[in-house]
A.B. asks: 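One structure coming up, written as structure tokens, with questions to follow.
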Amino acid sequence: MNGSNGVSAESTESTDGHRPAARTGGGRAGRVRMTGKQRREQLLEIGRAVFAERGYDGTSVEEIAERAGVSKPVVYEHFGGKEGLYAVVVDREMQLLLDMVTGALTGGHSRELLEQAAFALMDYIDTSTDGFKILVRDSPVAQSTGSFASLISDIATQVEDILGLEFKARGFDARLAPMYSQMLVGMVALTGQWWLEVRKPQKAEVAAHLVNLAWHGLEGMERHPKLVGERQN
């Protein structure tokens with residue numbers, strides 16, 4: 001058995017990348033075999049938890065490998081390193097949140113659609129807390145995986161159509177709908193960050209207040225708003 005380099009050391013593991021049973025002190029009964037796909041999913045789940053707990057900079061390949069019960073080369077084999085693992089985790093979370101928002105917009109009155117969008121974001125924060133923590137942190141690989149800001153922009157695009165129809169019905173300039181959708185979704189996202197820490201009041205109550213502010217704000221909008229202070233540019 002030759003352990004002089006990463007490749008030969010890896011050969012001491014079973015074909016699924018798990019370290020020999022001797023490491024866990026147990027004969028064959030202590031060995032957990034996984035397919036390559038199962039191992040990849042395990043590493044993603046562990047990486048997601050560690051990134052949420054420690055942040056990108058505080059996370060190491062060593063810790064991820066240790067928690068998974070594998071050697072470091074296994075992590076590199078699947079993801080090429082910490083950056084690759086982080087990128088996949090972020091991409092998955094972004095897709096999950098987008099799917100939840102778009103899936104929630106099932107139609108109805110414009111106010112009900114706003115409620116559905118607000119609930120979808122709050123549901124994601126509630127059920128995928130680790131993922132949300134990862135998304136709201138600055139990403140060192142944002143150029144390849146996107147960022148929370150770009151994700152919010154994508155979600156705002158889904159809300160844009162709702163506002164566009166509402167603007168037309170009320171005689172407002174529909175070209176402003178994209179800007180207002182960014183404002184509304186950003187308001188919900190930032191409120192969600194605050195709620196993640198305090199968890200009060202109940203999720204439904206938070207959603208109701210968010211929609212209250214957004215909807216009645218839209219109701220009282222001026223067609224041509226003007227600044228009232230001294231500064232005008």
A.B. asks: What's the spacing between Gln116 CD and Thr106 OG1 if we round to 0.5 Å?
C.D. replies: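 Result: 4.0 Å between the selected atoms.
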A.B. asks: Just wondering, more than 12 heavy atoms not from Arg199 lying within 6.0 Å of its CZ?
C.D. replies: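 Enclosed.
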A.B. asks: Applying salt bridge (charged side-chain N to carboxylate O under 4.0 Å, His left out), run through Arg67 and Glu63 and close with a yes or a no.
C.D. replies: CA-CA 6 Å; Arg67 291 196 188 189; Glu63 180 170 3; 2.7 Å; yes
A.B. asks: On the six-membered ring of Phe119, is Lys203 placed so that its NZ or CZ lies under 6.0 angstrom from the centre and within 45° of the ring axis?
C.D. replies: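 The answer is no, since Lys203 fails at least one limit relative to Phe119.
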A.B. asks: Under 30°, 30 to 60°, or over 60°: which ring-plane class applies to Tyr86 and Phe51, parallel, tilted or perpendicular?
C.D. replies: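 Perpendicular, since the angle between the ring planes exceeds 60°.
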A.B. asks: Run the side-chain donor-acceptor check on residues 186-196: report pairs under 3.5 Å with partners two or more places apart or on a different chain.
C.D. replies:
residue, atom, partner, partner atom, Å
Thr191, OG1, Met187, O, 2.7
Trp195, NE1, Pro201, O, 2.8

A.B. asks: Classify the side-chain pair Ser128/Arg48 by whether it contains a donor and acceptor separated by less than 3.5 Å.
C.D. replies: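 Per modelled atom types, Ser128 and Arg48 side chains form a pair under 3.5 Å.
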A.B. asks: Counting heavy atoms not belonging to Gln232, are there more than 12 under 6.0 Å from its CD?
C.D. replies: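 Enclosed: over 12 neighbouring heavy atoms sit under 6.0 Å from CD of Gln232.
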A.B. asks: If the test is side chain to side chain contact (heavy atoms under 4.5 Å, CB included), which one of Val90, Leu97, Leu98 qualifies with Met94?
C.D. replies: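 The single option meeting the side chain to side chain contact (heavy atoms under 4.5 Å, CB included) with Met94 is Val90.
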A.B. asks: How long is the straight-line distance from CD of Glu45 back to CD of Glu41, given to the nearest 0.5 Å?
C.D. replies: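 Spacing of CD (Glu41) from CD (Glu45) equals 7.0 Å.
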A.B. asks: State the CE-OH distance between Met100 and Tyr124, to the nearest 0.5 angstrom.
C.D. replies: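 Separation between the atoms: 8.5 Å.
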A.B. asks: Output all residues satisfying side chain to side chain donor-acceptor pair (under 3.5 Å) with Glu112, sequence neighbours left out; order by chain, then residue number.
C.D. replies: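 Once residues adjacent in sequence are excluded, Glu112 has no partner under the side chain to side chain donor-acceptor pair (under 3.5 Å) criterion.
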A.B. asks: Test Phe79 against every option in Val89, Leu43, Val61 by the side chain to side chain contact (heavy atoms under 4.5 Å, CB included) rule and name the one that passes.
C.D. replies: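 Checked Val89, Leu43, Val61 against Phe79; only one passes side chain to side chain contact (heavy atoms under 4.5 Å, CB included): Leu43.
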A.B. asks: Can you tell me how far apart OG (Ser71) and CD (Glu66) are? Round to the nearest 0.5 Å.
C.D. replies: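 With rounding to 0.5 Å, OG (Ser71) is 11.0 Å from CD (Glu66).
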A.B. asks: Mind listing the closest non-hydrogen atom pair of Arg33 and Gln38 along with its distance?
C.D. replies: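 Of all heavy-atom pairs spanning Arg33 and Gln38, the closest is O-OE1, 4.3 Å.
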A.B. asks: Looking only at the side chains, is there a donor atom on one of Arg39 and Gln42 sitting less than 3.5 Å from an acceptor on the other?
C.D. replies: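 Distance-only check passes for Arg39 and Gln42.
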A.B. asks: What heavy-atom pair brings Arg231 and Leu227 nearest, and what distance separates the two atoms?
C.D. replies: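 So the two residues come closest at O-CD1, 3.5 Å.
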